[in-house]
Amino acid sequence: MNAVRHALGRIAAAAFLALAAAFFALPMLWLASAPFDASPSITVSVPEFTLANFRAILDNPYALGSIGNSVIQAGGAAAIVVVLASLAAYALSRVRVPGRDALLYVLLLLSSVVTGTAAMVPIFELATRLGLVDTHLGVVLVVSGGLLPAAIFILKDFMDATPTSYEESARVFGASPLQILRHIVVPVVRPGLATIAVWAVASVWGGFLMQYILLRDPAKSPSAVILYTLYTEGGQPNLDLISTFSLLYSLPVVAMYLFVSGRYGFRLHGGLKQ
Amino acid sequence: MTISLRGLTKVFPGGVRALDSLDLEIGEGEFFALLGPSGCGKTTLLRSIAGLETPTSGAVAIGGADVTALPPGRRDVAMVFQDYALFPHMDVTANIAYPLRIKKVPRARREAAAAEVAGRLSLAELLGRRPGQLSGGQQQRVALARAIACRPKVFLFDEPLSNLDARLRLEARTFLKRLQDELGVTTVFVTHDQGEALALAHRIAVMDAGRITQVGAPSEIFHRPATPFVASFIGSTPMNLLPGRVVVGASGPALHVAGAVLPAPPGLPDGEEVVYGIRPEYTDLSAAPREDAFPGTVAVLENLGTSTLVTLESAREGGDGLVQVVVPEGQEPPVGGAAWAVPRPERALVYRGDRLVGPRGGPA
C-alpha cells in the first residue's frame, strides 16, 4: 500500500515538473520554430520551412540598425555603470562615511522611482532642456542612472569581502592607489564586475519605456522599440516579422552570456558571489 | 637599521587612545617582539612603523631618518600580515615578485629573483600554484618570501604564527628564528603569545593600554617582571600573585601571605600592603605543615605531560584562596588531601603598588 502511494506520489511529482517545464519551454520552442515557418501563428507547430521571413525582416529599413542601436545603448550604459559603480562601491566600502548605509538604501529606493514611470515626465523635461532627447547619450545616461544604485549595492558587497590587508600589503610595497586598483582590487572582484556588466547589458537590452519616450527617430531606436512597430497594414501584429526579429534580437544576449561565462568565469551557481 | 619612536601617540576618531606618548629604541639587526593582550596598541604601533597609521603626534625614525611623513611605500619596510595578504589571483611567482614589479624590475629579472628566494624557503616546487592551493605553512613562507624579495631595511610581522595550527607553529617558530638570524635584518613582530615572544625575540616590549610596561631580554622579562601585570602575562602557567602584609616583629620584618610567614625585602614599613608573586614552577609541595608555606587542600590536578599543575584551595578567609604548584611527574598529591606550597625565596617577587621592590630592592 505504502509502495503504491509512494509510486503515485512520484508520478504526480514528475507530471507536475513536466507541465512546469513545458510551460517555460513552449515560448522557447516557438522562438526557435516560428521564424522558419511560412505562416506562423501564436501556437507551436512543425514549421513549413522557409527563410522568407528573414528576407522580409532584412527589407525593414530599421530592423538591423536597431540591433546596432541596442548594442550602442546597452554597451554604453554597461561601461558607465561598471566604471562608476566600482569606483563608488570601492569608496563606500573603504572610507568611513557617516550614514553610509542609510545613503545606500535611499539610493536603492530612489532608483526604482528614477527608472519607473513615476519620474517619466520630469526626466523627459530634463532631457528636452539638455538637448538629450533623440540621442543615444540621453538614453545611456538615463538608464545608467537607474541601474547605478543597485550596481553599487551589489559591488559594495564584493568590495567588502576583499580583505583590506591586500591593499595595505601592496601599499607597503609602494604601489600607488591606481596600481592597487588595477593589480589587486579589479582582478579580485572581477566576477562581480562581470556580473554587473552582464546584468546591465541585459536590462538595457530588454528596456523599452525610457527608450520609447526619449527617442523620436526610428533610426536611433533600439530593437525593443522597433519590435513594437512590426504590424501589418491591417493593424494586426505581424507574426512573421515579430518571431524572426525576436530570434535575431535574443541572439546577441545569448552570445554575450556564453562569452562572459567562458572568459571571465562568470558563474551563477552558488549565488551571486563567484 | 635602527628604529626609534619618540612620543608616539595615536588617538583614533571616537577618542580611543591606542598609543600614549610612547618611546622605544630598536637596535640594528634586532629581533624585537611587541607583546600584549588584544587591544593594548601593539598592532597600531607596528602599523605606525609601517606607515599604515598616521600618528596623532610623535615621530618615527628608521635608520636615523625621520619617516613620520613618508607614505608606507617609501619607508623601505616589508610587512607580513596576519592573514598573509597573498593576492589570490596571482601564482606564487607573481606574488613573490610583486614588490619588484612595483619597482619596475624587468619581468625576467624579477622572476629569477622570486625563484631564488622561493628556493631558499623550499617553495621551488610550488611556484606555479595559486595561494588557494597552498597549506597554511606554505602560504606563510610565500608571504615571508615576498617580504624578503624586496630586500627591505626592516621586517614587520603581524602575528606571524597565529594562523598556523599548534604543531606547525613550533616548526615555523624555529624556522623564523633561524631565518632572521641568517638575514640579520631588523625585525619587529607583534604577538599576544608570551611563549612565542620569549622563544623568538632578542628583546621584548610588553604593552598595556597604549604604553610600554617593560622592555627587556626574554630572561629578564620572565625572571624580573616589572609589574604584577607583566608577571601575570608572562609564563605558560600564570604566576601566583597573592596579597600580603609586612609585619615587623622581634626578629625583623616578615611578610604574612596567605597563611605563610616569609622573609621580607628590606626597607618596607610595618603594615605595608604588598603583592607576593611566585611562579608555580618555583614552588614546591610539602605534605607536612611548614611555617614558610601556603596551606591548602588539593582541588585540581592538571597533567602537563612531564609535570602536573596542582591547584591548592586555601581554607583561610581573605585573598582569592588559590595557589598553583608544578610538581614533577609521579609526585602528584591525592585530590582532597591537605598540602603546603613552599615558595623558593630566591625566586619570589614582591610588588608594592605597581612596582617591584624585592627580593633585592627594585627592578634590575
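So you know, we letter chains A, B, ... as the sequences are listed, proteins then strands, and number each from 1.
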Colleague: Could you please spell out the steps behind the side chain to side chain contact (heavy atoms under 4.5 Å, CB included) verdict for Leu193(A) and Leu155(A)?
Modeller: CA-CA 7 Å; Leu193(A) 299 180; Leu155(A) 273 181; 3.9 Å; yes

Colleague: Under 4.5 Å heavy-atom distance to chain A, tell me which part of Arg146(B) shows up: side chain, backbone, both or neither.
Modeller: both

Colleague: Answer whether the closest heavy-atom distance between the side chains of Leu19(B) and Pro55(B) falls below 4.5 Å.
Modeller: no

Colleague: Give me the atom names and distance for the closest heavy-atom approach of Val201(A) to Ala78(A).
Modeller: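 Minimum heavy-atom contact is CG2-CB, 3.6 Å.
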
Colleague: Can you name the residues of residues 107-133 of chain B that have some heavy atom under 4.5 Å away from a heavy atom in chain A?
Modeller: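 When heavy atoms of chain A are the reference, residues 107-133 of chain B contributes no residue within the under-4.5 Å range.
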
Colleague: Hey, what do you get for SG (Cys40(B)) to CG (Leu45(B)), rounding to the nearest 0.5 Å?
Modeller: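 Atom-to-atom, Cys40(B):SG and Leu45(B):CG are 9.0 Å apart.
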
Colleague: Does a salt bridge link Asp160(A) with Lys156(A), judged by any charged N lying under 4.0 Å from a carboxylate O?
Modeller: yes

Colleague: Are Arg6(B) and Glu25(B) close enough for a salt bridge, meaning some N to O gap below 4.0 Å?
Modeller: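 Glu25(B) and Arg6(B): salt-bridged.
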
Colleague: Restricting to non-hydrogen atoms, name the atom on Phe31(B) and the atom on Leu200(B) that form the minimum distance, rounded to 0.1 Å.
Modeller: CD2-O, 3.3 Å

Colleague: What part of Leu86(B) is in contact with chain A, defined as an atom under 4.5 angstrom from a non-hydrogen atom: side chain, backbone, both or neither?
Modeller: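 Backbone only.
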
Colleague: Using a heavy-atom cutoff of under 4.5 Å, enumerate the residues of residues 91-106 of chain B that contact chain A, numbered in order, or state 'none'.
Modeller: Tyr98(B), Pro99(B), Arg101(B), Ile102(B), Lys104(B)

Colleague: I'd like to know which of Ala175(A), Gly174(A), Ser165(A) tops the heavy-atom pair count under 4.5 Å against chain B.
Modeller: Ser165(A)

Colleague: Which atom names give the shortest non-hydrogen contact between Leu31(A) and Ser250(A), and what distance separates them?
Modeller: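 That closest heavy-atom pairing would be CD2-OG, 3.7 Å.
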
Colleague: Do the side chains of Pro72(B) and Val77(B) get nearer than 4.5 Å, heavy atoms only?
Modeller: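 Side-chain contact under 4.5 Å: no.
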
Colleague: Checking side-chain contact (heavy atoms from CB on, under 4.5 Å) against Pro160(B), which of Leu176(B), Thr187(B), Thr191(B), Leu144(B) comes through?
Modeller: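 Only one option passes, and that is Leu176(B).
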
Colleague: In terms of the angle between their ring planes, are Tyr249(A) and Phe245(A) parallel, tilted or perpendicular, with boundaries placed at 30° and 60°?
Modeller: parallel

